[in-house]
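Okay, structure first, notes after.
Only a predicted model underlies this, so the values are computations on that prediction, with no experimental measurement involved.
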Amino acid sequence: GSPPQALVDDTEDVSLDFGSEEELALRKAKIRHPLATFFHLFFRVSAIITYLFCDWFSNSFVACFVTILLLLSFDFWSVKNVTGRLLVGLHWWNQIDEDGKSHWVFEARRVPTRAASTEAEARIFWLGLIICPVIWTVFFFSTLFSLKLKWLALVIAGISLQTANLYGYIYCKLGGHKSTSRTTSAFFVTADVPTKQARRTAEDHTEEHGKTGTR
């Protein structure tokens with residue numbers, strides 16, 4: 001009668017609560033991609049530390065300049081091509097279409113909850129992405145005020161490379177949410193800058209709808 005029914009309801013409630021707690025714990029789990037998380041911060045933090053203390057280790061301006069520029073370049077490549085996809089499921093790049101025009105593509109990956117990035121990884125990714133360009137901007141003004149103009153080109157390079165990644169990933173985040181209704185594959189949502197190719201596909205769709213409507 002009623003007692004067995006109550007027992008069944010209790011077990012169902014317990015299983016549902018357990019599932020939600022397990023999912024929440026999975027999202028707040030420790031870092032799943034330690035190597036990617038390390039290199040997301042390593043190159044950009046190393047470039048800043050080298051810029052601040054390079055005079056302590058070397059008197060050669062050229063050696064310091066080249067070392068910092070290499071660190072900035074490695075950081076740009078790794079963040080753009082590796083850590084963004086692994087830590088937050090975002091990716092952006094430039095491609096050339098059939099007409100020879102270059103355009104930018106911004107992707108946001110839709111993944112199952114179990115494959116999504118953890119909160120710790122996402123927090124580290126965005127903090128590193130935002131804070132480091134701000135630090136290079138501070139270096140820019142300090143270089144101007146202290147008249148260390150020989151470092152100006154390097155500081156501008158640091159701002160440019162890291163701001164480019166910041167802009168790209170912000171656009172991925174915003175564009176991915178805007179384009180969730182149209183997917184280019186089972187895993188990616190793409191927000192593409194309008195091009196002639198996009199116009200052609202839109203025209204093809206309208207022609208197909210027109211043909212089906214006249215039948």
Side-chain angles (χ1 to χ4, degrees), residues 28-96 102-109 116-176 191 193:
K28 293 186 176 181
K30 57 186 178 181
I31 295 171
R32 294 185 209 166
H33 305 94
L35 199 60
T37 305
F38 172 76
F39 280 107
H40 177 70
L41 298 175
F42 174 75
F43 290 121
R44 53 185 47 212
V45 172
S46 296
I48 292 172
I49 293 175
T50 305
Y51 177 81
L52 290 173
F53 302 107
C54 64
D55 290 336
W56 293 11
F57 303 104
S58 175
N59 294 325
S60 174
F61 168 75
V62 175
C64 294
F65 189 97
V66 172
T67 302
I68 297 170
L69 191 61
L70 286 175
L71 289 171
L72 290 171
S73 301
F74 292 153
D75 169 73
F76 178 81
W77 183 90
S78 63
V79 172
K80 177 180 176 295
N81 296 299
V82 180
T83 64
R85 283 192 287 185
L86 292 178
L87 300 184
V88 290
L90 302 175
H91 184 47
W92 65 275
W93 77 95
N94 179 270
Q95 69 181 28
I96 309 296
S102 69
H103 57 101
W104 301 94
V105 181
F106 303 90
E107 287 186 339
R109 179 179 296 176
S117 60
T118 63
E119 291 182 5
E121 288 176 336
R123 192 177 297 113
I124 291 172
F125 178 83
W126 288 109
L127 284 176
L129 205 65
I130 294 170
I131 292 175
C132 290
V134 173
I135 295 175
W136 282 105
T137 304
V138 173
F139 289 163
F140 174 78
F141 289 107
S142 67
T143 301
L144 282 180
F145 294 146
S146 61
L147 298 178
K148 295 181 179 179
L149 300 182
K150 64 179 182 179
W151 294 100
L152 197 58
L154 182 64
V155 173
I156 292 174
I159 295 174
S160 302
L161 291 173
Q162 298 197 354
T163 304
N165 263 328
L166 176 61
Y167 172 81
Y169 281 114
I170 289 176
Y171 207 100
C172 286
K173 188 87 172 161
L174 300 177
V193 178

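Taking the six-membered ring for Trp and thresholds of 30 and 60 degrees, Trp136 and Phe139 have ring planes more than 60 degrees apart, a perpendicular arrangement. Aromatic ring orientation, His91 versus Trp93: parallel (interplanar angle below 30°, classes split at 30° and 60°). Classified by interplanar angle (parallel below 30°, tilted 30° to 60°, perpendicular above 60°), the ring pair Trp92/Trp104 is tilted.
Looking at heavy atoms from C-beta onward, Val82 lies in side-chain contact with Trp77 at the 4.5 angstrom threshold. Inter-residue side-chain proximity for Val155 and Phe141 is flagged as unmet; no heavy-atom pair is nearer than 4.5 Å.
Going from atom OG1 of Thr67 over to atom CG of Leu154 covers 10.0 Å, rounded to the nearest 0.5 Å. Here the OH-CG distance, from Tyr167 to Asn165, works out to 13.0 Å after rounding to the nearest 0.5 Å. In this structure, the separation between CG on Leu147 and CG on Leu152 is 10.5 Å, given to the nearest 0.5 Å. Arg44 CZ to Gln162 CD: the interatomic distance, rounded to the nearest 0.5 Å, is 4.0 Å. In this structure, the separation between CG on Leu41 and CG on Leu129 is 10.5 Å, given to the nearest 0.5 Å. Separation of atoms CD1 (Ile156) and OG (Ser160) is listed at 7.0 Å; rounding is to 0.5 Å.
With hydrogens and angles disregarded, no donor-acceptor distance shorter than 3.5 Å links the side chain of Ser46 to the backbone of Phe43. Distance alone, capped at 3.5 Å, is enough to place a donor-acceptor pair between the Tyr169 side chain and the Lys80 backbone. His40 places a side-chain N or O within donor-acceptor distance of the main-chain N or O of Phe125, the cut-off being under 3.5 Å. With hydrogens and angles disregarded, a donor-acceptor distance shorter than 3.5 Å links the side chain of Glu121 to the backbone of His33. In this structure a side-chain-to-backbone donor-acceptor pair under 3.5 Å is missing from Ser58 to Cys54.
Heavy atoms of other residues, nucleotides or ligands lying less than 6.0 angstrom from CZ of Phe74 number 12 at most. By the neighbour-count criterion of 12 heavy atoms within 6.0 Å, atom CG of Asn59 is sparsely surrounded, having that number or fewer from other residues, nucleotides or ligands.
Shown here for Val88 and Ala122, the closest heavy-atom pair between the two residues is CG1-CA, 4.0 Å. Taking all atoms of both residues into account, the shortest heavy-atom contact from Leu72 to Gly158 is CD1-CA, 3.6 Å. Heavy-atom minimum distance, Leu86 versus Ala36: CD1-CB, 3.7 Å. In terms of heavy-atom proximity, Thr163 sits nearest to Pro133 at OG1-CB, 4.2 Å. The heavy-atom pair separating Ser73 from Leu161 by the smallest distance is N-CD1, 4.3 Å.
Shown are Ile49, Thr50, Ile48; of these, the side chain to side chain contact (heavy atoms under 4.5 Å, CB included) with Leu52 is made only by Ile48.
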Going through the distances and angles, do Trp151 and Ser142 end up as a side-chain contact (heavy atoms from CB on, under 4.5 Å)?
CA-CA 10 Å; Trp151 294 100; Ser142 67; over 6 Å; no

Just do the side-chain contact (heavy atoms from CB on, under 4.5 Å) check on Tyr51 and Ile135 with the steps written out, would you?
CA-CA 11 Å; Tyr51 177 81; Ile135 295 175; over 6 Å; no

